[in-house]
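Working notes, structure below.
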Amino acid sequence: MNLPVNATSPDAARTLADPDTPFAVVDVHRVRRNIERLSTRADRMGVDLRPHVKTAKSLDVAALLHPGAPCPVTVSTLAEAEAFADGGYTDITYAVGIDPHKLPRVLALLRRGVTLRTLLDSTEQAEFVAEASRRAGLPVPAQIEIDCDGHRGGLRPDAPELVEVGRILHAANCLDGVLTHAGESYFAYTAEELRLAAKNERDTAVSAADRLREAGLPVTTVSVGSTPTAHAAEDLTGVTELRAGNYVFFDLVMAGIGVCRIEDLALSVVVTVIGHRPEYGWIVTDGGWMAMSRDRGTSVQAQDQGYGLVADLHGNPIPELVMTAASQEHGTLATRDGARLPDLPIGTRLRILPNHACATAAQHHGYHVVDSTRTTNTAPGIQDFWRRVTGW
C-alpha cells in the first residue's frame, strides 16, 4: 500500500515541524564529532575500537563508524547480531552471557561465515559451549567475562575456577580471550574517579589474561570498555580492543559525570505542547515515558535532570525547564526552581534531551536526521531517515 505524501510518512517529512510527535531525532554533525573523538583516542592508544551497536541499533549509524567497510562490533542480543550480519558485518561479539537455548542461533551465524564471539563466566557454560562445538564440528569462539568492579557478572581474576573454565574452552578450540566492563564507572563523578575506574578495568583484564597464559592457555583477545572509561583511560598496555556504545549519541548521564558536554548530545525526542496547568506550574506534552523511557539515571547525580532537559526545536536548551514527570503518553514540564514558566503555546514543538540514550532510542523505530551546521530561521530541515534494524 502506498502512503499518502503527508507528515505521517517519514520520507515525506521535510522539517522537524512535519512528522507527528513524538519522534526521535539525531544530529548527524554531533554523531560524526563524537565518533571521531573516540576513534582518534583509540588510535593514539594503539588499540582496536569495537563499537557497541546496542545504542542506535542502526546500520546507518554503524556505517559512520568506519566508512568504506563494516567494522568489528559488539551487540547485546542475538537479534542485533543477526540483523548486523544481514547488513554485512562478520566480526561480532555478543556481550551477554550465553545459555544453551541460544546456541543454535549462534551456530547458524557461524555457519554463515560470521565470527560470533560468545561470553561466559562459569564451568557450566564452558562445558555446554564446548560440547555444542564438538557436536557441530565447529568451534564456538568464547570469551571469559571478568568482574572488575562487582557491577554484574564475571569471574574475579583470582577466582579458582578461571583457569578451569579456560581449559574446558581450550580443549574444544573455543577459547578466544577475556572481556570486562567497568559498569560502576557510570557512578564516578570526578575525572580522578574515572581515571581510576579505567585503570582498574585495564589492570583486572590484563591480570586475568596473564593468569590464563601462565597456565599455558592462549589468550588472543583482551577486551575492555565502557563509554566513561574509554574516554578516561591513560594506559591500555596489554589490551587488544576497546568497547563503547553510548558515545555515538551521548546523554545526560554521561554529561553529568563529565564525559561529554550537553552540546555533544546527538539524540533528542521531539514533542508537542498539548496543555497547561498553571495552578501546578506545569506544561503538558504528548511525549511520556513511552517516548523517553523510564530511565532516571541522573537522579543519583548532583543535578537531577528529571526525565530530560527541554530544548527548543533547534536544540537550544531552555534555561531551567525540565521534564519532571511522565506517564505513558504525557510528559510534564516544569521549571527547576519554580520560576515563571516560559510562554509555550499549545502546538509548540520542543526537543527533550534524554537521560539514557540507549533506553530512549529503544522506544523508537528510527531517527529523523538533522545537521546542526545547517542553520535556519525556520524548523530544522530533515536530511534523512535512519531506520533501526531490530526490535520492530
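These figures come from a predicted structure and were not determined experimentally.
- Side-chain heavy atoms closer than 4.5 Å link hydrophobic residues (I, L, V, M, F, W, Y) into clusters, and following such links, even through other members, never connects Ile168 to Leu138.
- At least one donor-acceptor pair under 3.5 Å links the side chain of Thr180 to the backbone N or O of Ile146.
- Without hydrogens or angle criteria, Asn34 side chain to Val248 main chain gives a donor-acceptor distance under 3.5 Å.
- Side-chain heavy-atom separations under 4.5 angstrom define the hydrophobic clusters, and the remaining members of the one that includes Ile274 are Val284.
- Counting heavy-atom neighbours within 6.0 Å of Glu263 CD, excluding the residue itself, gives a total above 12.
- Salt bridge annotation for Arg195-Glu192: present, with a cationic side-chain nitrogen under 4.0 angstrom from a carboxylate oxygen.
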- Message: Is there a side-chain hydrogen bond (donor to acceptor under 3.5 Å, both in side chains) between Asp27 and Ser372? Walk through the geometry before answering.
- Response: CA-CA 6 Å; Asp27 183 339; Ser372 57; 2.6 Å; yes
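- With rounding to the nearest 0.5 angstrom, the CD atom of Glu145 is 5.5 Å from the CG atom of Asp121.
- Lys57 places a side-chain heavy atom less than 4.5 Å from the side chain of Arg388.
- The shortest heavy-atom contact between Arg112 and Asp86 is NH2-OD1, 2.8 Å.
- The shortest heavy-atom contact between Asn355 and Gly306 is ND2-O, 2.7 Å.
- The existence of a salt bridge linking Arg117 and Asp91 is confirmed by a sub-4.0 Å separation between a basic side-chain nitrogen and an acidic carboxylate oxygen.
- Between Arg37 and His231 the shortest side-chain heavy-atom distance falls below 4.5 Å.
- Side-chain contact check for Leu16 versus Arg351: some heavy-atom pair is nearer than 4.5 Å.
- Phe187 and Phe250 fall within a single hydrophobic cluster, where Ile, Leu, Val, Met, Phe, Trp and Tyr are joined by side-chain heavy atoms under 4.5 Å apart, directly or via other members.
- The existence of a salt bridge linking Arg105 and Glu82 is confirmed by a sub-4.0 Å separation between a basic side-chain nitrogen and an acidic carboxylate oxygen.
- Here the CZ-CZ distance, from Phe128 to Arg135, works out to 11.0 Å after rounding to the nearest 0.5 Å.
- Two different hydrophobic clusters hold Met290 and Tyr307 under the rule that ILVMFWY side chains link at heavy-atom gaps under 4.5 Å.
- More than 12 heavy atoms of other shown residues, nucleotides or ligands fall within 6.0 angstrom of atom CZ in Arg261.
- With a 4.5 Å cut-off on side-chain heavy atoms, Leu217 and Leu175 count as touching.
- The minimum heavy-atom distance linking Gly245 with Thr227 is given by the pair N-OG1, 3.7 Å.
- The cluster map of Ile, Leu, Val, Met, Phe, Trp and Tyr, joined by side-chain heavy atoms under 4.5 Å apart, puts Val269 and Val322 in different clusters.
- For the pair Leu49/Leu65, no side-chain contact is recorded, criterion being any heavy-atom separation below 4.5 Å from C-beta on.
- Looking only at side-chain heavy atoms (C-beta outward), Asp371 and Arg32 stay at 4.5 Å or farther from each other.
- The environment of Arg374 atom CZ is sparse: at most 12 non-hydrogen atoms of other residues, nucleotides or ligands sit within 6.0 angstrom.
- Counting all heavy atoms, side chain and backbone alike, Ile283 lies closest to Pro342 at CD1-O, 4.1 Å.
- Linking ILVMFWY side-chain heavy atoms closer than 4.5 Å, directly or via other members, places Met292 and Phe23 in two distinct hydrophobic clusters.
- Other residues, nucleotides and ligands place more than 12 heavy atoms under 6.0 Å from the CG atom of Asp337.
- Rounded to the nearest 0.5 angstrom, Leu341 CG and Leu333 CG are separated by 8.5 Å.
- Put simply, the side chain of Arg243 never gets that close to the backbone of Ser226: no donor and acceptor are under 3.5 Å apart.
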- Given ring pair (Phe, Tyr, Trp, His ring centres under 6.0 Å), test Tyr89 with His66 step by step and report yes or no. CA-CA 12 Å; Tyr89 288 77; His66 193 274; 10.0 Å; no
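- Checked by atom type and distance alone, the side chain of Glu201 never pairs as donor or acceptor with a backbone atom of Ala197 at under 3.5 Å.
- Residues passing the side chain to side chain donor-acceptor pair (under 3.5 Å) test with Thr123, sequence neighbours excluded: none.
- In this structure, the side chains of Arg336 and Gln303 come closer than 4.5 Å at one or more pairs of heavy atoms.
- Between Asp158 and Arg211 no salt bridge is recorded (no basic side-chain N to carboxylate O distance below 4.0 Å).
- Side-chain contact between Thr378 and Thr15 is absent, with no heavy atoms from C-beta onward closer than 4.5 Å.
- Going from atom OG of Ser185 over to atom CG of Leu196 covers 12.0 Å, rounded to the nearest 0.5 Å.
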- Task: Please test Gln125 against Ser122 for side-chain hydrogen bond (donor to acceptor under 3.5 Å, both in side chains), starting from the C-alpha separation and ending with a verdict.
- Result: CA-CA 5 Å; Gln125 289 169 303; Ser122 68; 3.1 Å; yes
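- When atom types are taken as modelled, the side chain of Arg156 and the backbone of Asp147 share a donor-acceptor pair closer than 3.5 angstrom.
- Taking a cutoff of 4.0 Å between a charged side-chain nitrogen and a carboxylate oxygen, Arg33 and Asp264 qualify as a salt bridge.
- Not counting sequence neighbours, the partners of Lys199 by the salt bridge (charged side-chain N to carboxylate O under 4.0 Å, His left out) test are Asp203.
- In this structure, CZ on Arg349 lies 7.5 Å from CG on Asp18, to the nearest 0.5 angstrom.
- The CG atom of Leu169 lies 10.5 Å from the CD atom of Gln143; values are rounded to the nearest 0.5 Å.
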